[in-house]
Amino acid sequence: MSYRKLTATEIKMLKSQGCVSETWGRIEVSSDFNPQHYRNVTFSGAIRLGATNKTFCRDRNVVYQSGIYNAAIHNCVIGDDVYIAKISNYIANYNIAEGVFIENVDRINATGESTYGNGVQVSVLNESGGREVPIYDRLSAHVAYFIAMYRHKPQLINSLRNSITEYAQKQRSDQGIIGRNSVILNSGVILDVKIGECARIEGAARLSNGTIASTSAAPVKVGVNVVASDFIIMSGADVDEGAVVVRSFVGQGSRVARLFSAHDSLFFANCTCENGEASSVFGGPYTVSTHKSSLLIAGMFSFLNAGSGSNQSNHMYKLGPIHQGVVERGSKTTSDSYLLWPAHIGAFSLVMGRHVEHPDTSRMPFSYLIEKSGQSYLVPGVNLKSVGTIRDSKKWPCRDRRTDHDRLDQINFNLLSPYTVAKMIEGVKLLRNIKETSGETAATYSYQGMTIDARALDKGIQYYQFAIDKFMGNSIISRLKDAVEIDNTKLPYLLSPIASAGEGEWIDVAGLIAPKSEITRLCDDIVAGRIDDIEIINTRLREMHLHYYNMEWNWVVENFKSWWGKECDELTTDDLIAIMNRWQESVVALDKLLYEDARKEFSMVTKIGFGVDGTSICKEIDFEQVRGDFEQDPFVRMVLDHIKEKTALANDMLRRLGVEHEEIEMFAGKRDKIA
């Protein structure tokens, strides 16, 4: 855009409208500048003013003419069609893009050179330091995981830090930015904040040293009484209703609201934090804490649902608040649950009660950790039959609030994966070893300070075996579902590996499930200098996520013999028939358990409080009007449909194998009795 100096006539008109400047000669304007749209404005420093040809229609058709009214503007570039009015103090050192609307704000100022929150050190997990993560507006959960958790690789940490520092320095400027079509209303002081496109800041109390990475596809909202300093707020996020955010990162699609207080914390994609408090938290995707009395502190979480009054302690009153904990993906903490760090809770587990003996259930996923008479009891695998676990896995993808096409966090939603299945395989071995060591007739067993009832141990083995059978069978069917012909000569080809990676241990890198070997290879490339650009790191992580299923199959091939007793390339059609039967029995057995678990929600006990002023018939009617009929419940229908779908899939596969058999029926199978 070309600019020109003000004419004498324009200066005269501006003065007549209450505008003031000691340096009219430093003001430049666009070719179609209209002086009529500037009233009671004090100009100072170098100023550029765009056109004011458009109006804003807001608040039920109230029209606002673009221009500047009742404001002090210092050293700013104002784009086309901007509305600025009722500025109590001043706007200084900002580039304000076209279409921005600013009204009733105390002060907006870039105080000097700033990186706008990029490079701020966040002390996650250990409040006393040692795992600091430098935040920036391209940070993914996975890179943060490397920096926080891979301190055993100091060269990697140094390389990542250097790349982030270099990126942060590129953001350094003495001019702030307010992006196109952003709105700032009724707010207090905004200092050294870079604001992206289409952001809406309304009623914020104080924002300082941060970046609001809003985009037109995924606008950011910052609402009433929000206080934020040394922060990054990513696209699609919502920070509102008195939230306090200090030295923290709010990821894409996340919500922090209702007086929630967070300091030195990271919250990645789709987290929801309301009412409570977070201190030194690494919140992987879908970390949820919405209750007033809940505290998350010094822990690593993802896909968490924190109950009311959930609490942890990281201070044992010796060397300070130096302890940390890990709660793996998909876990829940019930009301008033408590964990004394250090502790490590396995994936998809439920924690109930108080636990002060530093439990480690990492080798026992899908378990309950329950307090009984002051002792910690472990119930292995029982969460595999919980409707809550399945309901969560179905709702997470549906609750992805990210509308930005550039999604930084690569999220795998699978309940069963090489990561969890390997742990269940290990869990079966571990439980059998515990039973063998302590004796077949023992009533209870001890495991790392926890107690396991004998019946719970046996059931845990059974649940794990069902899930392993289900996963391995799913993988086989997925490989064969599109095959035109299946016979003994074609099987070795159809079941051959299809990727160069996937064998060995798999890990959960804050939402990304991947082979450890691939993560190690990426880290080695960073250390060796083959990758020195943070965008290339994000691309590599995205590619890893996209190739998940190919790598998953390689893991299945590697572990197939230990599960079935034969290598994949040794399988015959007779083996496939046996695999189909075993898979079908396990799938239906688990679904029946889910079905029966769902039925508990419709028992007489759950009807207490219904039909309060009527008879038992009234209670039934009242309950049905509110909760509906069991057989028509959406989740129950989903379970029944899943059984039908898998039954049909098994029948189809057996038919394609040329097997003469009666159709497998829903709920058929040798394991019906477990329900």
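This is a predicted model, so every value here is computed, not measured. Residue numbers count from 1 along this sequence.
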| task | Check the pair E10 / R4 against salt bridge (Lys or Arg N to Asp or Glu O under 4.0 Å), numbers first and verdict last. | result | CA-CA 12 Å; E10 289 169 335; R4 61 174 176 79; 2.7 Å; yes
| Does a side-chain heavy-atom distance below 4.5 Å link Y145 with M300? | yes
| query | Is the cationic atom of R138 (NZ for Lys, CZ for Arg) positioned less than 6.0 Å from the six-membered ring centroid of Y167 and within 45 degrees of its normal? | reply | no
| task | Would you mind reporting whether S173 and Y116 have side-chain heavy atoms less than 4.5 Å apart? | result | yes
| message | Can you tell me which residue among F282, Y286, F301 is in a ring pair (Phe, Tyr, Trp, His ring centres under 6.0 Å) with F268? | response | F282
| task | Step through the shown structure and confirm whether more than 12 heavy atoms of other residues, nucleotides or ligands are within 6.0 Å of CD on E535. | result | yes
| task | Kindly check if the number of other-residue, nucleotide or ligand heavy atoms within 6.0 Å of CD (E113) is above 12? | result | yes
| request: Might you confirm whether atom NZ of K86 has over 12 heavy atoms from other residues, nucleotides or ligands at distances under 6.0 Å? | output: no
| query | Are there more than 12 heavy atoms of other residues, nucleotides or ligands under 6.0 Å from atom NE2 of H405? | reply | no
| task | Go through S417 and Y548 one step at a time and tell me if the side chain to side chain contact (heavy atoms under 4.5 Å, CB included) criterion holds. | result | CA-CA 10 Å; S417 67; Y548 165 81; 3.2 Å; yes
| Do E98 and K54 pass the salt bridge (Lys or Arg N to Asp or Glu O under 4.0 Å) test, and can you show the C-alpha distance, the side-chain angles, and the key distance before you say yes or no? | CA-CA 11 Å; E98 65 179 289; K54 295 183 180 179; 5.6 Å; no
| message | Just so I know, are the side chains of N53 and D80 near enough to count as touching, which here means a heavy-atom distance under 4.5 Å? | response | no
| query | Centroid-to-centroid, Y69 to Y64, below 6.0 Å? | reply | no
| query | Has K516 got more than 12 heavy atoms of other residues, nucleotides or ligands less than 6.0 Å from its NZ? | reply | no
| Test applied, salt bridge (Lys or Arg N to Asp or Glu O under 4.0 Å); reference residue, R540; option that passes from D525, D524, D533 | D525
| task | Indicate the ring-plane relationship of F303 and F413, choosing parallel, tilted or perpendicular according to the 30° and 60° boundaries. | result | perpendicular
| Under-4.0 Å salt bridge between R407 and D400 | yes
